[in-house]
Amino acid sequence: MPSVYLWIVLAPLIGSIIAGLFGKVIGRSGAHWVTIIGVGISCLLSLVVFKHHVMDGGAVYNDSVYIWLETEGIKFHIGFLVDNLTAMMMVVVTFVSLMVHIYTIGYMHDDPGYQRFFSYISLFTFSMLMLVMSNNFLQLFFGWEAVGLVSYLLIGFWFKKSTATFANLKAFLINRVGDFGFILGIAAVLMYFGSLDYKTVFENVDKVSGLQMEVIEGVSWSVMTFICIGLFIGAMGKSAQVPLHVWLPDSMEGPTPISALIHAATMVTAGIFMVARMSPLYELSESALLFVMFIGATTALFMGFLGLVQNDIKRVVAYSTLSQLGYMTAALGASAYAAGIFHLMTHAFFKALLFLGAGSVIIAMHHEQDMRKMGGLRKYMPITWITSLIGSLALIGTPFFAGFYSKDSIILAVGNSDLNSWVQSYAYYALLAGVFFTALYSFRMYFMVFHGKERMDEHTRSHLHETPWVVTVPLIALAIPSIFIGAYFVEDMVFGDFFKSAIYVAPAHDVLASLPKDDWLSMVTHAVPFSMPFILALAGVVVAWFFWMKRPDIPAMLEEKFKWLHTLLVEKYYADHLYIKLIAPFGRWLGDKLWRWGDVKIIDGAIVNGSAKTVGFVASKVRNIQTGFLYTYAFTMIVGLVVLIAVFVYGWDKIISTLG
Amino acid sequence: MEFIAAYLPSAMMNDQTISQLPLALPEIVMLCMASIVLIVDLFLNDKTRGGTYILSQFTLLALVVITVMSFTQQKSIAFHGTFVRDGMGDLLKIFVYIVTFTVFLYSKSYLKARDMFKGEYYVLGLFAVLGMMVMISAQSFLTIYLGLELLSLCMYALVALQRDSIIASESAMKYFVLGAIASGMLLYGMSMIYGATGSLELATINAEVMKNTDNIVLIFGLVFVLVGVAFKLGAVPFHMWLPDVYQGSPTAVAIFIGSAPKIAAFAMTMRLLVDGLHGLHVQWQDMLIIMAVASLAIGNIVAIAQTNIKRMLAYSTISHVGFIMLGIMTAEKGGYTASMFYTIVYTLMALGAFGMIMYMSRMGFESDKLDDFRGLNQRSPWFAFIMLIFMFSMAGVPPFVGFWAKLSILKAVVAVDMTWLAVTAVVFSIIGAFYYLRIIKLMYFDTPQETSAIEGASDLRVMLSLNGIAILGLGLYPELIMGLVISVM
C-alpha cells in the first residue's frame, strides 16, 4: 500500500512539473493530457484505497515514507496517515479535481495561460493530498501553506486585472492572520507534547489536558484551549469563517474552475478537516468547542444574508459557500465531527456542480456574470439548467438530495448538543434561520438565471447555446453524487462507525450517538412534511418564486423601505471597510515607522550595512598580505611556525611573563 | 640517511611480504597501468590521443571495481608496519578514483581547446593518484613522505604544463619552493619524533608517545609535522600558495589540485595525528583550533574581495579546510566522521564549481571572472540552476548536502563542549554566504555581457548535471554517504 499512497501524491506533482516547466514543448493539448492523466491515476488509486480501507476494512496505515532529519525527538519527515477519514477526503479531492481538469479544457479554451493553469491546478491537487494524508503537524503545515500559495497564484491568474491582484493579495494577507494562530497552535503542541507526530500527540493528551499556561502574567489559560483555539484560528482563515471571511468572495476574481475546486469543494474545507482530525484535542476543551460553534453559526446565518443582495452569479455561490462552511464548523463545535465531514463531502459535490454550472452559464453569456442581464436560459442550455437545479435542490436540503441528509444531521446534532450554554441555543436558531435564507437566495439566483424574461442583449442571445461536452460531462458526473451520495452514506457516516478511530468523541459529548438511529428513508419520512428545516426550505423557495417571478416589485419596494439594511448588506457589514480603512492603514503606518526607524536606521544602517562595510574594509586590507611575492609567502609560513613554537613549546605563561 | 639505511634490511622481500602483496593490489595495478599509459602514449599521435584518455579512465574505473570488490572493514597492517589497509582508506581511495575520473572527464574539451591534450596530463595525473593512494594507506613516516612527494612532484609539473604561460610558470615556481619548504619542515618534525620515540611506524610511535606526553622534543616535532600537514591542506597561515596556484594554473589542473588531494591530505592528517600522535592530542587540538579559526576568518573574509572566481574558490577552500580541521580537532570519533564526510562532500562541490568554469570557457576565453557569470540564467537556465546548487551547497543552505556537512561538524564541536567555537564557525559561514550568494545574484539578476549560447561537450554536460543532482540528492538522503562514513570509522 505505501507505494500506492506515494503514487497518489506524486502523480499530480509530476503532471504539474511537466506542464509547468515544459509547457511550451508539449503544447496546449500536451499540458491537459499530462495533468489529466496524473490526476486520473491519483483518482483511480484513491478509489482503490477507499475500497481497501472502507469496504474491505483494511488496517489504518501510519508510517513515514521519508525521514529527512531527526534531532532531539523532533522528526522532519513525510509520512502518511491513511484511515477512513483520509480515504474519503482523498476520493473527494481527486474526483472533484479530475472533473475540474476536464472542465477547464472548455472553460480556458482561448486563454494564453493554458499550460500554466493546468500546472497550477495539478500542483494544488498535490498540495491538498499532502495536507489530508499527513501524519504530522509539519507536513500538515506544508500542505496548508502550499494550498494557500496555489490559491494565491490562481486568484491572481489574470494578473493584468488590477481587481484580481488586489483579491489575491487580500486572500494571502488574511490567510497570514489565520496562519499566525495556526502556527502558534502548532508551536504550543510541540512545546507541551515534545513531538509533532499525530500519533504521539494523541496518545499523550491525558498528560497535557490538565495543564495551565500563563502567557500574560497572572492570566491562566488551559493549554488545551490555547492549542485548540490557535489551530482553529488557522481554520478560520482557510475556511473563511467570520471575521476572516472577507477574502473568499473576492477570490471569485479567479477563473471559475478554481472557484469550484479550491474555493468551494476542497481547500476551504481544509479547516473543517483539520479540526475533525484534531478531534482528540478538541474534545478536551469545551471552551474551544463553544468558540467553534459560535463562529460557525454566526458565519452560517450572517453570510447567508449577504447572498440575497448580490447580483454577480459567482458571488451568490461564494456567499452560499461561506454559509455552508459555517454549518460544518457549527457541527464541529457540537462534537458532531462526522456530520460536519459528511456535509463537507456532499457539499464538495453539489457546490462544485453549482460553480461549474455558473461557469457554464458564464461561458454561454460571453463572460458576463451579472444576473440582471440573464434570464430564461433554461431553453438554451438544458443540461446546465437541469444540473444547476439539482445542485440548488441539494444545497437547500431538499429531501432525497445529498445536502438534505448532511444538513439535517447537523441541525439535529446542534439542537441536541449537551453543551450547556446560550451559544448552543443561539447556534441552533441561527442554523434553522439559515435554512430559509439559503433556499431564498439559491432560488433567487436560479429563477433570475434560468427563468423569467430574457434580459440579455440581442447579440448575446443570438449566440446562446449549450456548452461543449468537456463542460457538460463534468456537470453530469457531479450531479449524480449530488443526488445519491447523501442517502448512500448517511447511515454509515452519521449514525454508524464509518470513521472508526479517526475521529474521537468524548462519551459526554457524543451527540450523534444520542440521536435516534435512522436510515436514509426514515430520515425523509421524519422530515416531511412537518420538520422545521423542511418547512423553512420550502418557504424559502416559495418566497423566492413569489418575489422574483411573480411580483418583482416587492423586493424593490423592500429595498427602498429598508434602505439602511440593504446598504448594510451590500457593504457586507462594513467588514472590508474595517480592514481596508482602519486596520490596514494602521498596520502600514506602524510598518512605515518601524521601517524608517528600526529598519533603515538601526538594522540596515548600523547592523547590516555597518557590519558589511566593516567586513569589506577588512577584506580589502587583508588581501594586501597576498602580495604575490614568494618571499612574503615563505616569511608568513615561518611566522606561523614561530608563533606555534612560541605558544606550544615555550608556553603562553612564559611568553606573558617575558613580556611583562 | 642513517636511519633509512638501518631500516632497509628489514624491509627485504621475504615470504611474509609476498603473501601480503594482495593487500596492495590497487596500488600495484595503478603503478602498472600508469606505466603502461606512459608507454602507450609514446606510440600515439595527436589524432589518436583519445586512446590515452580512454585508457586512463578505464584504469580509474577498474580500480573502483577492484577496491569495491576487495573492500574490507578489517584493519590489516603489512610490509613491516609501513602499509595499512582499512575501511577508511578503501572508502577514501574509491572517492579519489571517482573524483579523478570526473576531473579527467570535465577537462577533456578544455585541454583540447588549448592544445594541452597531451599524454603528460594523464600520466602525471595517474602518478599523482598513486601518490594519494600511498598517502592514504601509509602507516609509517616513510610511506607518508613517499606518497606526499610523489603527489607533490606530479602536481608541480602539472601546474607548469602550459610551459609558455608566464603566469602558470610563476605559480608552479611558487608552489614548488613553498612546497619544498613545507616538506622540509615535515621531515624535520618527523626526525624529531623519530629521535624521541625511536620508530617510524605510527603504531609504535603512538605507544611511545603515550608513555611520555609532555616530552618537549615531541611537541617540537609535532609543531613541524603539523606545519607540513597544514600546508598540504591549505590552512592559514600556510595557505599563501593556494590562491596563486588556483588562479595561475590551467583550470583543468586547478580542479585537480582543488579536489582529490584534499581527500589524501585528510587521510594524512588522520594517520599522523590520530594513528600516530594521539597521545599529544591536547597539544594538537589547540594548534588546530588556532589554524581553523584563522582559516575560517581569512578564507571567508578575503574571498569577498576577489573578482576572479578561481581565486575566490581558493579562499573558499581555505574556509572549508577550517571546518575540516574543526572536526579533527574534537579528537573524538564523531568529529572524525564529520570531517571525513565534509571532505568528501567538499570535493564533490569543488568539482562542480570548477566544472562550471570549464563548461563556460572556450578557446581563448577562460571564463574565470565573476563577471563572466552575469546573466547566466538567460543563456542557460539549467546550468545556472546547477551552479546555484553548488553555491547554495557550499554556503551550507538546506536541503543541499553542504548543509549536512556543516551541521555534522558543528554538532561534533558542540558535543565536546566548545560551543563558542561552533558559534565562531557559524558567524564566519554567514560572512562567507555573501560571496556564494553574489554569484547567484550575478547569474539571475544581472544582464549578460554576452548572449552567445554556451557550447559544451555533451559528456561534460551530462556529468555536470549529474554532479549537481548528486549534491541535491545527497542533501535529501544524507545517509547515503554518512552511513558509509560511519561504517568505516
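These numbers come from a predicted model, not from an experiment. Every chain is numbered from 1, with letters handed out A, B, ... down the list of sequences.
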Inset, instruction - Specify which of A:Val647, A:Val649, A:Thr632, A:Val618 makes the most heavy-atom pairs with chain B at under 4.5 Å. - result: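 It is A:Val649.
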
Inset, instruction - Tell me, out of A:Gly640, A:Ser620, A:Gly616, who's got the most heavy-atom pairs with chain B below 4.5 Å. - result: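 So the answer, after comparing A:Gly640, A:Ser620, A:Gly616, is A:Gly640.
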
[X], part contacting chain A, at a heavy-atom distance under 4.5 Å:
X	value
B:Glu170	side chain
B:Ala182	both
B:Leu226	neither

First locate atom [atom1] of [X], then atom [atom2] of [Y], and finally report the distance between them rounded to the nearest 0.5 Å.
X	Y	atom1	atom2	value
B:Phe238	A:Ile638	CZ	CD1	8.5 Å
A:Ile67	B:Glu479	CD1	CD	9.5 Å
A:Leu641	B:Tyr188	CG	OH	10.0 Å

So does [X] have more than 12 non-hydrogen atoms from other groups sitting under 6.0 Å from [atom1]?
X	atom1	answer
B:Tyr156	OH	yes
A:Tyr66	OH	yes
A:Phe172	CZ	yes

What option among [options] has the most heavy-atom pairs under 4.5 Å with chain A?
options	value
B:Phe434, B:Phe224, B:Phe231, B:Trp241	B:Phe224
B:Ile181, B:Val236, B:Leu476, B:Val177	B:Leu476
B:Val227, B:Asp286, B:Asp244, B:Val302	B:Asp244
B:Lys174, B:Gln306, B:Gln283	B:Lys174

Inset, instruction - Heavy atoms only: give me the nearest A:Ala619-B:Ile301 pair and the separation to one decimal. - result: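 Scanning both residues completely, I find the closest heavy atoms to be CB-O, 3.1 Å.
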
Inset, instruction - Identify the heavy atoms of B:Val223 and A:Ile645 that sit nearest to each other, and give their distance. - result: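 Closest approach of B:Val223 to A:Ile645: CG1-CG1, 3.6 Å.
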
Inset, instruction - Applying side chain to side chain contact (heavy atoms under 4.5 Å, CB included) between A:Phe648 and each of B:Ile290, B:Leu222, B:Leu280, report the one that passes. - result: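 Going through B:Ile290, B:Leu222, B:Leu280 one by one, the side chain to side chain contact (heavy atoms under 4.5 Å, CB included) with A:Phe648 is satisfied by B:Ile290 alone.
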
